[in-house]
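These notes concern the structure reproduced below.
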Number of protein chains: 2
Amino acid sequence: MNARTHRGIRAAIRARIVAGEWQLGELIPGEADFAQEYGCSRTTVNRALQALAEEGMVERKRKGGTRVRPLPLPQAQLRIPLLREQVEESGRAYRCDTIVRRVARPPQSAAERLGTGETEAAYLETLHFADERPFAFETRWISLAAVPQFAEAELGELSANEWLVRTVPFTRGEVALSAATAGERIAGLLDTQQDAALFTMDRTTWLEDRPVTTMRLHYTPGYTLEFPI
Amino acid sequence: MNARTHRGIRAAIRARIVAGEWQLGELIPGEADFAQEYGCSRTTVNRALQALAEEGMVERKRKGGTRVRPLPLPQAQLRIPLLREQVEESGRAYRCDTIVRRVARPPQSAAERLGTGETEAAYLETLHFADERPFAFETRWISLAAVPQFAEAELGELSANEWLVRTVPFTRGEVALSAATAGERIAGLLDTQQDAALFTMDRTTWLEDRPVTTMRLHYTPGYTLEFPI
DNA sequence: AAGTGGTCTAGACCACGTC
DNA sequence: ACGTGGTCTAGACCACTTT
């Protein structure tokens, strides 16, 4: 990491912060100072400090200067992999079964997230397998207003999620993670016992301002989602 | 969002990608082309496209040009808030109780993550409350090799986590999310029924290459961790 | 060898927040 | 009013990857 690039300077300043050269919350030198110290232009220092701000190491305010973040807020890049990748990366064979596929009026909880009001939407239930053993159970509502093509789509080997991701880019989404207790039906599908604790993910995605799909995924017991901070 | 700033151009190009102007995987115009089209310098376009690359919309290669990402990889910034903030943001009063604090030899699972071998470490059990109702139960091992000050630290009103975060900056960490079933003891502490499904977070943090602390948090039933993609 | 992105510079002006 | 960060520009050179 050469020291006069914006990446190098970013790393250098981060190291100095971690080493405790400045107190938490304390003002660090301004862009001009660093520029002189590192023998580069202010523009380069600016890039480095902006990156440190994005990554949560410092806080910047015009006129207020740049401060070390009081509580170094831990934030993580969480990559949510496709189930297929998740399974295949662990060396197992992926397969999925569509158990239910129909058009119906969504229940209130799903309708609220889809924002479709009284309209009908596509409903799917999918069971995902790893090496022919149940891995996760998915229920999903898809707005036919946003994705009319879905009505006639042949999924083939693709999961609905894969089909959507290849067909409809989305602009934003929301994820909620929680724990749920397996009911009788889901316990049967996942081949586990009733009252098992299931790691659960809800996800809703939008294309611009139109909700596209909302889904819930129950993983088999023992699943953990791991990631670095 | 004015159109000639790097932010504006970033938004404009993202909108064009989302609108489907280019196929997935397709080459989009080069920096010079965009610069001419938007009437700005190449530097500005470069910033915009670099940001789009970071956010996962495009892939860039020297000489290879810039392409729309084939599968728009969903990645999220997950902010893991301090429990205190989490509770107080919802308008409730935060309090925590240290139930156990002693020095002991960690069990194998914790020793592996702490990498302390046979050495003793500090062990804590903490119960976190929101409006005097149990909110989460924490067990934590702290390496006394990495944080000798902890042996004599007065926590007072602070949780161990807050004390650590103010005293020892960390450079990296690992988080694992899962679901667990409440055993008898934890069910009692959290004032819930046995076999309830608990959202669970394991976290280990390092200062440079020295493990600092490893902890497990069981949230009361019904808790969800939400974040945007 | 050539073309694309990656980066630096020096100077300039602007926007925001504090004083 | 002033000082800080935010951004733009024009030109330059470099680095990587493909042809």
Side-chain angles (χ1 to χ4, degrees), chain A residues 1-17 21-70 72-73 77, chain B residues 1-17 21-70 72-73 77:
Chain A
M1 192 75 76
N2 280 328
R4 307 196 27 158
T5 69
H6 65 86
R7 289 171 193 279
I9 291 171
R10 167 184 175 180
I13 297 178
R14 178 178 28 213
R16 290 169 69 177
I17 290 174
E21 179 165 339
W22 303 283
Q23 300 288 321
L24 298 183
E26 188 183 343
L27 209 56
I28 73 176
E31 299 187 349
D33 304 321
F34 277 127
Q36 192 177 357
E37 177 180 347
Y38 287 108
C40 65
S41 73
R42 184 171 80 88
T43 316
T44 304
V45 174
N46 177 278
R47 267 223 82 167
L49 288 177
Q50 279 195 27
L52 286 177
E54 264 184 44
E55 102 186 41
M57 291 292 295
V58 300
E59 255 174 350
R60 321 192 71 201
K61 273 198 204 124
R62 283 162 159 143
K63 167 72 180 174
T66 302
R67 297 174 177 280
V68 180
R69 258 234 146 77
L73 67 87
Q77 275 269 322
Chain B
M1 191 77 74
N2 280 329
R4 307 198 25 162
T5 69
H6 64 86
R7 289 172 193 279
I9 290 170
R10 168 182 175 181
I13 296 178
R14 179 176 31 214
R16 290 169 68 177
I17 290 174
E21 180 165 338
W22 303 281
Q23 301 287 323
L24 299 183
E26 189 183 342
L27 209 57
I28 74 175
E31 299 186 349
D33 304 320
F34 278 128
Q36 193 177 356
E37 177 180 347
Y38 286 109
C40 66
S41 73
R42 186 171 78 89
T43 316
T44 304
V45 174
N46 177 279
R47 264 226 84 168
L49 288 177
Q50 279 195 26
L52 286 178
E54 263 183 46
E55 97 185 46
M57 291 292 295
V58 299
E59 257 174 349
R60 321 192 72 202
K61 272 197 205 126
R62 284 161 158 142
K63 166 72 180 174
T66 302
R67 297 174 178 279
V68 179
R69 257 232 149 77
L73 65 87
Q77 277 267 321

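Residue numbers begin at 1 in each chain, while the letters A, B, ... track the order of the sequences.
Rounded to whole Å, the distance from CZ on A:Arg47 to P on C:dT7 is 6 Å. Look at CZ on A:Arg67: it is 12 Å from P on D:dT4, rounded to the nearest Å. For the pair B:Ile9 CD1 and D:dC8 P, the computed distance is 7 Å after rounding to whole Å. As a whole-Å value, the separation of A:Leu49 CG from D:dT7 P is 13 Å. As a whole-Å value, the separation of A:Arg10 CZ from C:dC8 P is 13 Å. For the pair A:Glu31 CD and C:dC16 C1', the computed distance is 14 Å after rounding to whole Å. Put simply, CZ on B:Arg7 is 19 Å from P on C:dC14, counting in whole angstrom units. Distance B:Glu59 CD to C:dG5 C1': 14 Å, rounded to the nearest Å.
Taking a 6.0 Å sphere around CD of A:Gln36, one finds it holds 12 or fewer heavy atoms contributed by other residues, nucleotides or ligands.
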* Asked: Can you check side-chain contact (heavy atoms from CB on, under 4.5 Å) on B:Ile13 and B:Phe34, steps first, answer last?
  -> CA-CA 9 Å; B:Ile13 296 178; B:Phe34 278 128; 4.0 Å; yes
* To do: For A:Ile28 and A:Leu49, run side-chain contact (heavy atoms from CB on, under 4.5 Å): C-alpha distance rounded to whole Å, both residues' side-chain angles, the deciding distance at 0.1 Å, then the answer.
  => CA-CA 11 Å; A:Ile28 73 176; A:Leu49 288 177; 4.3 Å; yes
What pairs of nitrogen or oxygen atoms, one from the protein and one from nucleotides 15-19 of chain D, lie under 3.5 Å apart?
residue : atom : partner : partner atom : Å
D:dA15  : N3   : B:Arg62 : NE           : 3.4

Please list each protein N or O that sits under 3.5 Å from an N or O in nucleotides 11-13 of chain C, with the distance.
residue : atom : partner : partner atom : Å
C:dA12  : N6   : A:Arg42 : NH2          : 3.2

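A sub-4.0 Å separation between OP1 or OP2 of C:dG5 and a side-chain N or O of B:Asn46 is absent. Close to D:dG5, at under 4.0 Å from its OP1 or OP2, lies a side-chain N or O of A:Thr66. OP1 or OP2 of C:dG6 has at least one side-chain nitrogen or oxygen of B:Gln50 nearer than 4.0 Å. In this model, the phosphate group of C:dT4 is not approached by any side-chain N or O of B:Arg60 to a distance below 4.0 Å at OP1 or OP2.
Here the closest heavy-atom approach between residue B:Cys40 and residue B:Ile9 is recorded as SG-CD1, 3.4 Å. Here the shortest heavy-atom pairing between A:Ile17 and A:Met57 reads CG2-CE, 3.5 Å. In plain terms, the two heavy atoms of A:Gly64 and A:Leu27 that are nearest each other are O-CD1, 3.3 Å.
If you take CZ on A:Arg47 and CZ on B:Arg47, they are separated by 4.5 Å, rounding to the nearest 0.5 Å.
A salt bridge does not link A:Glu54 with A:Arg10: every distance from a Lys NZ or Arg NE/NH1/NH2 to an Asp or Glu carboxylate oxygen is 4.0 Å or more.
Nearest-nucleotide assignment on DNA chain C puts the 5′-proximal partner with B:Gly65, out of A:His6 and B:Gly65.
Residues that satisfy the salt bridge (Lys or Arg N to Asp or Glu O under 4.0 Å) test with B:Glu21, not counting sequence neighbours, are B:Arg16.
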